[in-house]
*Asks:* 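To start, I am sharing the structure in question, which I have written as structure tokens.
Please read these numbers as outputs of a predicted model, since none were measured by experiment.
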Amino acid sequence: ICNMRMLDEVAVETIKGLQDRHHFPPLMLVGTPRGREMHVSLRQLDCVAVLDQPFDIRNQLARIREIASHRERMGT
């Protein structure tokens, strides 16, 4: 889970660089995306979730459980 103040082009480039590393874990971003296009760009980078601030912690916990359950079923 990564909390970024501004989810912008710099964030996209940073995430691309991190994902080049072997065995990079699933990434859930929390922040303030700059527009719908940025949301789409971040999701295309295989971020498992992009949550806008402020958000309901119950939604975040539910998404974490969903991801963990899926990874367990897939054996990853």
*Asks:* Mind checking whether Val30 and Ile67 sit in one hydrophobic cluster, side chains of I, L, V, M, F, W, Y counted as touching below 4.5 Å?
*Replies:*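 As far as the 4.5 Å side-chain criterion goes, Ile67 and Val30 are connected within one cluster.
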*Asks:* Would you please name every residue forming a side-chain contact (heavy atoms from CB on, under 4.5 Å) with Arg65, sequence neighbours left out?
*Replies:*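 Testing Arg65 for side-chain contact (heavy atoms from CB on, under 4.5 Å), a comparison that skips the adjacent residues, returns Leu61, Ala62.
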*Asks:* Could you state whether Met28 and Ile57 fall into the same hydrophobic cluster, counting links through intermediate Ile, Leu, Val, Met, Phe, Trp or Tyr residues with side-chain heavy atoms under 4.5 angstrom apart?
*Replies:*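 Same cluster.
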*Asks:* If we only count heavy atoms from C-beta on, is the Asn59 to Arg63 side-chain gap below 4.5 Å?
*Replies:*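 Contact flag for Asn59/Arg63 side chains = no.
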*Asks:* Enter the distance from Gln44:CD to Glu37:CD here, rounded to the nearest 0.5 Å.
*Replies:*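 Reported to 0.5 Å precision, the distance equals 11.0 Å.
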